[in-house]
Undergrad: 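After the structure tokens below, expect a handful of questions from me.
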Amino acid sequence: MKPFKQFWVILKKDIIMEMRTKEMLVSMLLFVMLTMIIFNYAFRADRNDLTPFGGGLLWLAFIYTAFLGMNRSFVHEKDQGCLEGLLLSPVDRSIIYVSKMAGNLIFLSAVEFAAVPIFTMFFISFPYYMHPDKLGIFLLGLVLSNIGIAAVGTFVATLAVNTNRQDLLLPILGLPLLMPVVAPAVIISGTIMSGSTSKHEMELVYESLKILAAYDIIFFVVIAMIYDFILGE
Amino acid sequence: MNEIEAKNICRSFGRRDVLKDVSFTLEKGGFLSIFGPNGAGKTTLVKILSTLLSPSSGEVHIAGIKLDDDPTDIRKQIGLISHQPLLYLDLSAYENLIFYGTLYGVDDLEERAEKLLEQVELTHRRHDLVRTFSKGMQQRLTIARSLIHGPSILFLDEPHSGLDPHAMDILDGLIESIRADHTFVMVTHNLRKGLDLGSAAMIIEDGRIIFHKGKQDIDETEFEEVYRVAVRGEVQ
């Protein structure tokens with residue numbers, strides 16, 4: 001019960017502070033919207049059917065939005081030495097990790113769920129190809145990808161918190177680590193948005209979901225186990 | 001019984017040796033004042049004692065527990081007031097205390113938070129964001145934060161720096177009120193305060209202890225001379 005209370009109080013603190021400052025959410029939302037507007041003009045979305053490229057464009061916007069947000073996820077902890085306050089308390093380091101990751105996951109998901117409908121309006125030709133019965137798979141892909149991004153993003157943001165090049169470290173370390181997430185995420189989103197129902201493509205989607213699930217479990221467990229050393233000093 | 005026991009602690013950052021073979025003990029209820037020039041290794045020593053850093057070599061026992069064995073158990077028994085307030089600026093004073101108290105699993109937390117806010121004279125501002133507090137008010141709240149879980153050992157790293165006289169009085173009053181049943185380690189540049197409060201004094205220079213005596217054995221003239229030579233070394 002106590003670990004859950006500790007998890008909840010750290011997560012609640014992050015949510016309360018984000019609701020008060022809106023630093024992460026506003027910057028992430030603005031960035032993702034701006035990216036979509038630029039894509040819209042660059043690819044002449046009004047004249048060309050961009051549906052086949054939808055998955056790639058979507059995740060290009062999301063991955064950088066995620067980095068932008070996660071770069072800020074430890075700003076409050078760094079201010080006034082609050083991270084030391086957390087480390088001084090008798091809280092297992094893995095609980096700190098899970099709480100921070102949960103916060104990042106919530107904020108990233110909130111931005112994505114606001115951005116996906118707008119993305120669909122901009123880039124997916126009407127009538128939309130996505131079958132309503134495939135919406136569940138699309139959302140599952142989104143959630144599994146977000147878990148992977150939050151797991152690794154929180155880890156790299158922790159590494160970056162004590163460096164002078166915080167803004168650089170996240171994309172430099174994060175992008176290679178997240179390639180196994182981005183590729184399946186693009187396949188799942190792209191296939192579902194294009195309305196494809198061919199057996200071969202759906203098999204590819206299911207394989208991608210399995211890869212994402214495996215990635216999430218492995219990275220989450222390994223990082224939670226070694227987080228003590230990362231936060232250590 | 002020794003509450004703090006440090007044996008041959010060394011600590012390096014890269015090639016730089018910050019602490020060199022530091023050994024000392026402090027009995028339960030003792031008050032050790034640590035002096036020394038900037039960069040002497042005082043804060044590093046406090047960070048090691050408060051489990052925030054590991055020594056490169058050597059052994060530390062806090063409240064009879066070896067640092068490497070169970071740091072979580074040690075953390076329940078220690079409090080730290082450092083240069084930084086360790087407070088969340090976008091939470092209120094009350095929310096900060098409840099947050100830290102929950103992490104420590106404090107019973108009757110709300111009551112305890114209210115009582116501490118009263119002791120540091122911040123009851124009237126308890127629902128205001130810490131961002132709106134002056135430096136002195138933040139430091140007073142820091143004192144409440146460090147006491148929220150009722151630690152038996154307190155580490156004070158230059159606790160008086162940046163305090164106005166009123167906040168200084170509150171801090172000294174609080175220290176005095178809990179002095180009897182707590183063990184203190186205080187880093188300070190204020191000779192008078194350190195010597196008055198301490199039951200023992202230590203001077204660290206360049207990572208080594210160059211002076212360590214109990215209050216009854218201290219010749220203040222000798223102490224001041226050693227301290228001034230150590231600090232002058234920093235200037236050169």
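For clarity, every value in this text was computed on a predicted model and none was experimentally measured. Every chain is numbered from 1, with letters handed out A, B, ... down the list of sequences.
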Undergrad: Please tell me if the side chains of B/L86 and A/Q80 come closer than 4.5 Å, counting only heavy atoms from C-beta onward.
TA: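 Result no, sub-4.5 Å side-chain heavy-atom pair not found.
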Undergrad: Under the side-chain contact (heavy atoms from CB on, under 4.5 Å) test, which residues partner B/T142, sequence neighbours left out?
TA: B/I81, B/P85, B/L87, B/Q139, B/R145
Undergrad: Non-hydrogen atoms of chain A under 4.5 Å away: do they reach the side chain of B/Y104, the backbone, both or neither?
TA: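 It is both, since atoms from each part get that close.
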Undergrad: For A/I16, is it the side chain, the backbone, both or neither that has a heavy atom under 4.5 Å from a heavy atom of chain B?
TA: side chain
Undergrad: Between B/I74 and chain A, which part of the residue has a heavy atom less than 4.5 Å away: side chain, backbone, both or neither?
TA: neither
Undergrad: With the side chain counted from C-beta on, respond yes when A/H76 and B/D90 share a heavy-atom pair under 4.5 Å apart, and no when they do not.
TA: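 When only atoms from C-beta onward are counted, B/D90 and A/H76 do touch, with a gap below 4.5 Å.
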Undergrad: Just to be sure I understand the criterion: a residue of residues 143-157 of chain A counts if one of its heavy atoms is under 4.5 Å from a heavy atom of chain B. Which ones qualify?
TA: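 Near chain B, by residue number: none.
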Undergrad: Give a yes or no on whether B/E118 atom CD has more than 12 heavy-atom contacts from other residues, nucleotides or ligands under 6.0 Å away.
TA: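 Check fails, neighbour count at 12 or below.
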Undergrad: Flag the one option from A/L86, A/D92, A/I95 with the top tally of heavy-atom pairs under 4.5 Å to chain B.
TA: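 Most pairs with chain B among the choices: A/L86.
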Undergrad: Quick one: CZ on B/F99 to SG on A/C82, what's the gap to the nearest 0.5 Å?
TA: 8.0 Å
Undergrad: Is any side-chain heavy atom of A/E77 closer than 4.5 Å to one of B/Y88?
TA: yes
Undergrad: Can you see which heavy atom on A/G81 is nearest to which on B/Q84, and at what distance?
TA: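 In this case the closest contact between A/G81 and B/Q84 is CA-OE1, 3.3 Å.
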Undergrad: Heavy-atom cut-off 4.5 Å, strictly under: side chain, backbone, both or neither for A/T21 against chain B?
TA: side chain
Undergrad: For a side chain to side chain contact (heavy atoms under 4.5 Å, CB included) with A/V91, tell me which candidate from B/L103, B/T72, B/T102 qualifies.
TA: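 Running side chain to side chain contact (heavy atoms under 4.5 Å, CB included) over B/L103, B/T72, B/T102 with A/V91 returns exactly one hit, B/L103.
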Undergrad: Between atom NZ of B/K76 and atom OG of A/S89, what is the distance when rounded to the nearest 0.5 Å?
TA: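 So the NZ of B/K76 and the OG of A/S89 are separated by 11.5 Å.
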Undergrad: Looking at every non-hydrogen atom in both residues, tell me the closest pair between B/L91 and A/R20 and how far apart they are.
TA: CA-NH1, 3.6 Å
Undergrad: Above 12 or not: heavy atoms from other molecules or residues under 6.0 Å from NZ of A/K12?
TA: no
Undergrad: Taking atom CG of B/L80 and atom CG of A/L87, what is their separation to the nearest 0.5 Å?
TA: 11.5 Å
Undergrad: Is B/E95 paired with A/K13 through a side-chain N to carboxylate O contact shorter than 4.0 Å?
TA: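 Not counted as a salt bridge, because no side-chain N and carboxylate O are separated by less than 4.0 Å.
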Undergrad: Test A/L88 against B/R75 for side chain to side chain contact (heavy atoms under 4.5 Å, CB included), laying out the working first.
TA: CA-CA 6 Å; A/L88 270 173; B/R75 286 179 192 125; 5.6 Å; no
